[in-house]
Amino acid sequence: MINTPARKPGLHNMALACVALAVVSAVKAQTNTANASVSLGVGGASGASSDRALFGQYNGLRPHGAVGLLGVEYSRSNDEAGRSTRFEGVNLLGETRDVDFRWKKQGDWKLSGGYGELVRREPNSVSTGVDLKVKRTRFGVAYEKTISPRLQFDVTLSSEDKEGSRLFGIGMTCPSAVAPGCGGTTGTETGWAVLMLPEPIDANHSQVEARLSYANGDLRLNGGYYGSFYRNAVGSLNPSVPASLDNPLGIPLPLSAGLQDILSRPVALPPDNQAHQLDIAGTYTFTPSTRVNFKLSRGLATQQQDFTAAGLTGAPAGVTNLNGRVDTTLAQVSISSRPRPKLSMLAKLRYDDRDDRTPISPYNIEDTAIYTNRRLPNTKVGGRLQASYQFSSDYRGTLGADYESIDRGVFTPTSAVAGISALRQKTEEKGVRAELRRRMSENFSGSIGIASHRRDGSNWLRNNSGLGVTEEANAADPATGFATAVFMPTLANRQRDKLKLLADWLPSDSLSLQFSAQGGRDRFSMPSVYGVRSTGMDQFNVDATYALSERWSLNGNLSTGNETLRQARPAAVVLNYDNTNTSVGVGLAGKPTSAIEVGGSVAFVNDRGIYAQTLDATADGASVALLAATGGLPDIVFRQTTLKLYSGYKLSEQSNVRVDLVHQRSTWSDWGWGYNGVPFTYSDGTTVSQQARQSVTFIGLRYIFRWQ
């Protein structure tokens, strides 16, 4: 059962009407010579729907093997009047159609608008035949008006509808501290379940922005309003759960006491909300070498959707909605100066405050305790100092220092935090950066940059389940009980170091090369040895272009990167995760004759995730036996080879034909959705699977006609 309150109208009708009116008016107003083109054709893809699962996620070719191809382009200008009109439509017969329009008078006004669609299909296959797809429909219109040489006004309206459904689900494992009446799995009852529950999507997000800009000599100011309005026609899901579901061996068994009731409770979906912001920003030039930039904004975000209208029950007495409110304040200023011809300096300061004013109410009621929601205030103060010096025509150096402080406010004492060992009110991060650029010759230049940042913070706070928090001055002391706790990496002490190299080389007029290499390491320090201990990143890229002749050109690229993560859990797995991604591509384009144009490219991607596992010394015998029997988690591997070829032939001065061919082969093994041909199975027998090997060939033929 799905609750669907009435949809509130968005801005798309007004936007579409404005675009249509502008098109008609522009055609009547312009009389000079125009340029236009029409592209019409057809395309087809081979294979079954499962072969096109990855290839057809966004182009509409997964459910349909053929698609019509239509594109139009129109432009008209009147140089004497300073007016111009442009209209463009792309993929008008497909699911990713896009239309854009612009009409303007130079130095006076400009009106633009657009309409677009995008459909995304779930690449996995569901055994129940559910068509999981999400369609986005976008409308927008913008207007600019120059009121005077010093004053300009801009307004933008946009609206996007989202409809469809996406992969979603619910689950529960009993017994649990949050559901003490729910029993665990036995030989006659199942005490856990995972159910697929597709999330219905029927929402609208509309935005409006208006801005007034002023310029007079050394002063430039602009002030504006921004509004965001989100409306969701589906407030909640109400699952209908049977009294019997499959156990881990696929045998249907009755549910343990309380499990059916828990799984049948409503699931809240994203609620209606809105946000408003006023801001003023500007620049003032004190001298030709000194300039100040500033910005001040004030915002308000609210969430007041009615619980009952959304299909949600169990709210505290007298509380009909969250009445959520967050006030935001932003103030920033920066000064840039060049006190000497070779020296430039920058200083920046930023203050960002989020004041959570949501009322406190007892939403969580257990057998022996009552807990409220929690306010989440946040205040950030940051700054940057930077200086650059041109030592010579070949050398330029930069030094910088960064600072950021985050205060998360006072913990709401009547709330409780589940699954987190400790909290931290304040963190502080300081860092330094250095960069050296050198031009080694007229054809070769490069740079090297290093950065180091360290974060620490206030004492750790122990959550006392509805009775506030307790500050631990020495959390690393074994007596505190934190020795086996897992701490949030976003709050932990962290040392971050980075190194980056860049180079540009022009060995000849026909060949250019660009190189980049960078690496970084994060090392975390917490009161226990558990949690995320370190992460790493390395990346290397090469891009090249080579002009073989006046008619032929060659390009290529190579990229390889590695990401690592080291973490441990008490009495469980110690994970060393390594992900390596390598991609290489080569392209060729040319014109054998004045009437023929050909080209193509081949690209290969190889992505492998390795989950090396060992066990913590305190792991139990069952975990030891499981790891010994399975060897741990297998690798996740994605490989894809894509070949693209095209050829165009000029029939006349006004027309030509083009043929495109794309062949793509993919290999995808993800144990999250299946392993060794066995798909992931939900407790009601529904399966979700993916075809490990996919191969598809697409051929498209277009006829293009141009005229003036």
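Throughout, residue positions are numbered sequentially from 1 according to the sequence presented.
When every heavy atom of Phe524 is checked against every heavy atom of Ala492, the shortest pair comes out as CD2-CB, 4.4 Å. For the pair Ala568 and Val529, the tightest heavy-atom approach, listed with the atom from each and the gap, is CB-O, 4.3 Å. Summarising the geometry of Gln305 relative to Gly235, their closest heavy-atom pair is NE2-CA, 4.0 Å, with the distance given to 0.1 Å. Shown here for Asn273 and Arg231, the closest heavy-atom pair between the two residues is O-NH1, 3.4 Å. Closest approach of Gln303 to Asp272, counting heavy atoms only: CG-O, 3.3 Å. Across all their heavy atoms, Arg52 and Ala45 have their closest contact at CD-CB, 3.7 Å.
Of the possible donor and acceptor atoms, none in the side chain of Ser583 sits under 3.5 Å from a partner among the backbone N and O of Val605. Side-chain atoms of Ser623 do not come within 3.5 Å of backbone N or O of Ala572 as any donor-acceptor pair. In this structure, the side chain of Gln613 does not engage the main chain of Leu627 through any donor-acceptor pair within 3.5 Å. Distance alone, capped at 3.5 Å, is enough to place a donor-acceptor pair between the Asn232 side chain and the Pro270 backbone. A donor-acceptor pair is defined here as one N or O able to donate and one able to accept, closer than 3.5 Å; no such pair exists between the side chain of Ser39 and the backbone of Gly71. A donor-acceptor contact shorter than 3.5 Å is absent between the side chain of Thr96 and the backbone of Asn59.
Atom CG of residue Leu558 and atom OG1 of residue Thr582 lie 7.5 Å apart, to the nearest 0.5 angstrom. The structure places CE of Met172 at 4.5 Å from CD1 of Ile262, a figure rounded to the nearest 0.5 Å. For the atom pair CG (Leu615) and CG (Leu575), the distance works out to 11.5 Å, reported to the nearest 0.5 Å. Distance check: Glu563 CD to Gln539 CD gives 8.0 Å after rounding to the nearest 0.5 Å. Taking CG of Leu61 as the start and CG of Asp51 as the end, the distance is 13.0 Å to the nearest 0.5 Å. In this structure, CD1 in Ile704 is found 9.5 Å from OG in Ser655, a value given to the nearest 0.5 Å.
The ring-ring contact (aromatic ring centres under 6.0 Å, His included) contacts involving residues 551-590 comprise Tyr577-Tyr611, where partners must be two or more places apart or lie in separate chains. For residues 597-617, the pairs satisfying salt bridge (charged side-chain N to carboxylate O under 4.0 Å, His left out) are Arg608-Asp635, with sequence neighbours left out. Residue pairs meeting the salt bridge (charged side-chain N to carboxylate O under 4.0 Å, His left out) criterion with at least one partner in residues 253-264, sequence neighbours excluded, are Asp261-Arg265. Sorted by first then second residue, the salt bridge (charged side-chain N to carboxylate O under 4.0 Å, His left out) pairs that include residues 655-668, not counting sequence neighbours, are Arg658-Asp660, Asp660-Arg702. Residue pairs meeting the ring-ring contact (aromatic ring centres under 6.0 Å, His included) criterion with at least one member in residues 233-270, sequence neighbours excluded, do not occur. Under the salt bridge (charged side-chain N to carboxylate O under 4.0 Å, His left out) criterion, the residue pairs touching residues 566-585 are Arg566-Asp578, with sequence neighbours excluded.
Put simply, the side chain of Leu255 reaches to within 4.5 Å of the side chain of Val241, judged on heavy atoms. With a 4.5 Å cut-off on side-chain heavy atoms, Phe229 and Ser159 do not count as touching. Looking at heavy atoms from C-beta onward, Leu92 lies in side-chain contact with Val99 at the 4.5 angstrom threshold. Residues Val662 and Thr642 form a side-chain contact, since some pair of their non-hydrogen atoms from C-beta on lies under 4.5 Å apart. Put simply, the side chain of Pro200 reaches to within 4.5 Å of the side chain of Leu237, judged on heavy atoms. Residues Ser206 and Asn204 meet the side-chain proximity criterion, which asks for heavy atoms closer than 4.5 Å. Contact of the Asn555 side chain with the Val586 side chain is not registered, since no non-hydrogen atoms from C-beta on lie closer than 4.5 Å. Thr545 is not listed as a side-chain neighbour of Ser553, based on a closest heavy-atom distance of 4.5 Å or more.
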Would Leu645 and Val598 satisfy side chain to side chain contact (heavy atoms under 4.5 Å, CB included), going step by step from the backbone distance to the final call?
CA-CA 8 Å; Leu645 301 173; Val598 296; over 6 Å; no
Should Glu88 and Asp98 be marked as a side chain to side chain contact (heavy atoms under 4.5 Å, CB included) after you check the CA-CA gap, both sets of side-chain angles, and the distance that decides it?
CA-CA 8 Å; Glu88 184 177 11; Asp98 195 86; over 6 Å; no
Worked verdict on Asp538 versus Arg521 for salt bridge (charged side-chain N to carboxylate O under 4.0 Å, His left out):
CA-CA 9 Å; Asp538 297 292; Arg521 299 290 181 272; 3.0 Å; yes
Could you go through Leu588 and Leu548, starting from their C-alpha distance and side-chain angles, then the distance that decides it, and tell me whether this counts as side chain to side chain contact (heavy atoms under 4.5 Å, CB included)?
CA-CA 10 Å; Leu588 177 68; Leu548 299 171; 3.9 Å; yes
Evaluate Asp246 against Thr190 for side chain to side chain donor-acceptor pair (under 3.5 Å), listing each step before the verdict.
CA-CA 7 Å; Asp246 294 347; Thr190 180; over 6 Å; no
Could you check Ser666 against Gln640 for side chain to side chain donor-acceptor pair (under 3.5 Å), going step by step and ending with a plain yes or no?
CA-CA 4 Å; Ser666 305; Gln640 187 174 86; 2.9 Å; yes
List the steps and the verdict of side chain to side chain contact (heavy atoms under 4.5 Å, CB included) for Thr137 and Tyr115.
CA-CA 8 Å; Thr137 305; Tyr115 170 86; 3.6 Å; yes
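Applying the ring-ring contact (aromatic ring centres under 6.0 Å, His included) rule to Phe55 yields no partners; only residues at least two apart in sequence or on another chain are considered. Residues satisfying the side chain to side chain contact (heavy atoms under 4.5 Å, CB included) criterion with Ser256, sequence neighbours excluded, are Cys182, Glu189, Leu259. The side chain to side chain contact (heavy atoms under 4.5 Å, CB included) check on Leu502 picks up Ser447, Lys500, Ser516, with sequence neighbours excluded. Remark: Asn576 engages no residue in a side-chain hydrogen bond (donor to acceptor under 3.5 Å, both in side chains) (not counting sequence neighbours). For Ser534, there are no side-chain hydrogen bond (donor to acceptor under 3.5 Å, both in side chains) partners at least two apart in sequence or on another chain.
Annotation for Arg693: atom CZ does not count as buried by contact number, only 12 or fewer foreign heavy atoms lying within 6.0 Å. Under a cut-off of 6.0 angstrom, the local environment of OH in Tyr649 is sparse, with at most 12 non-hydrogen atoms contributed by other residues, nucleotides or ligands.
Ring geometry, Phe680 versus Trp673: the interplanar angle exceeds 60°, so the pair is classed perpendicular (tilted spans 30 to 60°).
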For residues 125-135, please give each side-chain donor-acceptor pair under 3.5 Å, one per line with the distance, not counting sequence neighbours.
residue : atom : partner : partner atom : Å
Ser125  : OG   : Arg62   : NH2          : 3.1
Ser127  : OG   : Thr687  : N            : 2.9
Ser127  : OG   : Thr687  : OG1          : 3.3

